[in-house]
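This structure is a prediction, so every number in the text was calculated from the model and none was measured.
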Amino acid sequence: MRAPVAAVWSRLREPVFQEKILFLVRQIVITAVNALSGFVILRGLGKVDYAVYTIVFSLLAIFTNITNVGITPAMSGIGGRVWSDRRRMQHLLNTALRLRVQLGWWFALPFVVYCIWQFQETGLKGWALGVLVIMLLLAAGVQLQLALYSIVLQLNKAVQRLQQNELWIALGKLAGIVVLLFFQSPVPWVVGWICACLWFNLYANRRLAQRYLEEHRETDPQFQKEINGIVRTNFVRTVYWSLEGQISILLCTLFASTESIADIGALGRLSVYFAIFQAFILNYSLPGLAKAQERNSIRSRSQRILGLSLAAVVPILTWAVLHPPSLLWILGSKYQSLEPYLFPYLLAVSAGQLAAVVYQICASKAWIDLNRYYVPLALPLQILLINWLDLSSLSNIVLFLGLNNLFFL
């Protein structure tokens, strides 16, 4: 009896184990603060305003993903080989940033047109529409850089400082949101403050990353060749996936109502639960996997990541089955009618989260060549579902999301 207890106690005293526990505690605090910001906004805005808010950050996610096209996985995979060389890491960062900014300019005009159409469908027009589009473009520029600097920090295990930056930004964001909603400020003011917080986060992470880089402006032709090879095989897939990742909002815009957008956005707020283990995977598990070179090490790390992800989805699904009213209470009185959709939605999102984890495992090693087959396989299924389901119904939109995520998985 004493031997197992001693083994457990010895494990608990290991610095690596304690570091991971502290990471989870800090991440829970960060996630809680961000979640509180989201729920304050959800409760403080009317349904139409919250639908606009949902569309804004749905569009931001689309642009962030559409300008990726394999650049982030490429940087992770290549960075796993050169992370300890400050000069080569700067070469890699410069190369990835230049390519991503170029893609940003190429996609800017169609993105603006898409934004205007989405906002007009909610009845938004005039100065508010123009301001939101401009802020979206500025926020997108920030996001292009933020993900790449985060990879530098993750590979160098600067996770604690990364979390400190995130926590201070999250607290500042929450304070600003509370003040703005107290004075009943319009949606563009709320969005503007959140975009400003994104910029502060980039500024803090960029300063932190400089200690792991040797500052210069040169790029590397070999890195560019490697990244371009991954971009070419993932271009169509990534553009398609960027829209697919926000497909529930798009379907609501096309077939349902502004109120349905708000309902989907409200249910999506509960997905903040998954942010905790996603952050753990991104900051701890994937950098180690990216640096692993032995087949057995790669296999065991991948299995451990997937096992933890499976275990993480069980509690919220169980909660949704046993006591759905308590989950809906978090959303506020305007969304109590969503109980019939709660468990199916969380089940659909859980499938999507597991699919994302599997993709991230592959992406960390830049093993994503087979992605080019996804579009010709997925598109016929989605066309069939659109013609088969009555998508003016929220339940069918949730069903579409679940089937689509299962196919992705």
Side-chain angles (χ1 to χ4, degrees), residues 20-21 23-36 38-39 42 54 57-58 61 65 154 163 241 244-249 263-289 299-331 335 338-364 374 378 381 394-409:
K20 291 180 179 180
I21 293 298
F23 170 86
L24 284 174
V25 171
R26 289 192 296 263
Q27 195 60 43
I28 288 170
V29 174
I30 293 168
T31 303
V33 174
N34 282 323
L36 184 56
F39 291 125
L42 179 63
T54 300
F57 289 96
S58 169
N65 291 324
Q154 289 158 2
Q163 284 185 313
W241 181 78
E244 185 187 57
Q246 308 299 317
I247 199 165
S248 57
I249 305 298
D263 289 338
I264 284 288
L267 288 170
R269 276 290 156 200
L270 297 174
S271 302
V272 72
Y273 164 83
F274 298 105
I276 298 170
F277 76 84
Q278 279 285 1
F280 183 82
I281 289 169
L282 287 172
N283 287 283
Y284 265 100
S285 301
L286 291 183
L289 181 60
R299 182 186 295 113
S300 63
R301 285 176 181 271
S302 300
Q303 290 172 344
R304 194 180 313 128
I305 291 169
L306 192 56
L308 287 170
S309 302
L310 283 166
V313 304
V314 173
I316 195 166
L317 292 177
T318 304
W319 189 358
V321 170
L322 297 179
H323 206 271
S326 59
L327 269 177
L328 291 173
W329 174 84
I330 299 173
L331 303 182
Y335 301 98
L338 297 179
E339 184 171 338
Y341 313 108
L342 181 62
F343 179 75
Y345 179 83
L346 289 174
L347 190 62
V349 171
S350 296
Q353 290 290 326
L354 293 174
V357 168
V358 175
Y359 174 80
Q360 287 165 350
I361 288 171
C362 297
S364 70
Y374 181 81
L381 171 67
L394 188 61
S395 60
N396 283 337
I397 289 176
V398 173
L399 177 60
F400 181 103
L401 182 65
L403 294 174
N404 194 57
N405 285 348
L406 280 174
F407 182 79
F408 181 32
L409 178 60

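Under the side chain to side chain contact (heavy atoms under 4.5 Å, CB included) criterion, Leu399 pairs with Leu389, Asn396, Leu403, not counting sequence neighbours. Residues passing the side-chain hydrogen bond (donor to acceptor under 3.5 Å, both in side chains) test with Arg304: none are found, sequence neighbours excluded. Phe39 pairs by the ring pair (Phe, Tyr, Trp, His ring centres under 6.0 Å) definition with nothing, not counting sequence neighbours. For Ser302, there are no side-chain hydrogen bond (donor to acceptor under 3.5 Å, both in side chains) partners two or more places apart in sequence or in a different chain. For Asn404, the side-chain hydrogen bond (donor to acceptor under 3.5 Å, both in side chains) partners two or more places apart in sequence, or in a different chain, are Glu244, Gln382. Listed by chain and number, the residues in a side chain to side chain contact (heavy atoms under 4.5 Å, CB included) with Val321 are Phe343 (sequence neighbours excluded). Not counting sequence neighbours, the partners of Ser395 by the side-chain hydrogen bond (donor to acceptor under 3.5 Å, both in side chains) test are Ser393. Under the rule for a side chain to side chain contact (heavy atoms under 4.5 Å, CB included), the partners of Leu36 that lie at least two apart in sequence or sit in another chain are Val40, Leu174. Every residue two or more places apart in sequence or in another chain was checked for a side chain to side chain contact (heavy atoms under 4.5 Å, CB included) with Ala32, and none qualifies.
Taking all atoms of both residues into account, the shortest heavy-atom contact from Arg269 to Leu331 is CB-CD2, 4.3 Å. A pairwise comparison of heavy atoms in Ala348 and Gly402 identifies CB-CA, 3.4 Å as the closest pair. Of all non-hydrogen atoms in Gly268 and Tyr345, the two that sit nearest each other are CA-OH, 3.2 Å.
Here Asp263 contributes atom CG and Ile397 contributes atom CD1; the two are 9.5 Å apart, rounded to the nearest 0.5 Å. Residue Ile249 holds its CD1 atom at 13.0 Å from CZ of Phe57, rounded to the nearest 0.5 Å. Summarising the geometry, atom CG belonging to Leu328 is positioned 6.5 Å from atom CG belonging to Leu338; distances are rounded to the nearest 0.5 Å. Residue Leu354 holds its CG atom at 11.0 Å from CZ of Phe408, rounded to the nearest 0.5 Å. For the atom pair Leu401 CG and Leu267 CG, the distance stands at 10.5 Å (nearest 0.5 Å). Interatomic distance, CD1 of Ile361 versus CD of Gln303, reported as 9.5 Å (0.5 Å rounding).
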Below 3.5 Å, can you tabulate the donor-acceptor pairs from side chains in residues 310-320 to any protein atom, sequence neighbours excluded?
from   : atom 1 : to     : atom 2 : distance (Å)
Thr318 : OG1    : Val314 : O      : 2.8
Trp319 : NE1    : Ser326 : OG     : 2.7

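The shortest distance between side-chain heavy atoms of Tyr341 and Pro324 does not fall below 4.5 Å. Using a 4.5 Å heavy-atom cutoff, the side chains of Val349 and Leu270 are not in contact. Val357 is listed as a side-chain neighbour of Ile305, based on a closest heavy-atom distance under 4.5 Å.
With Asn405 contributing its side chain and Ala351 its backbone, the two residues share no donor-acceptor pair below 3.5 Å.
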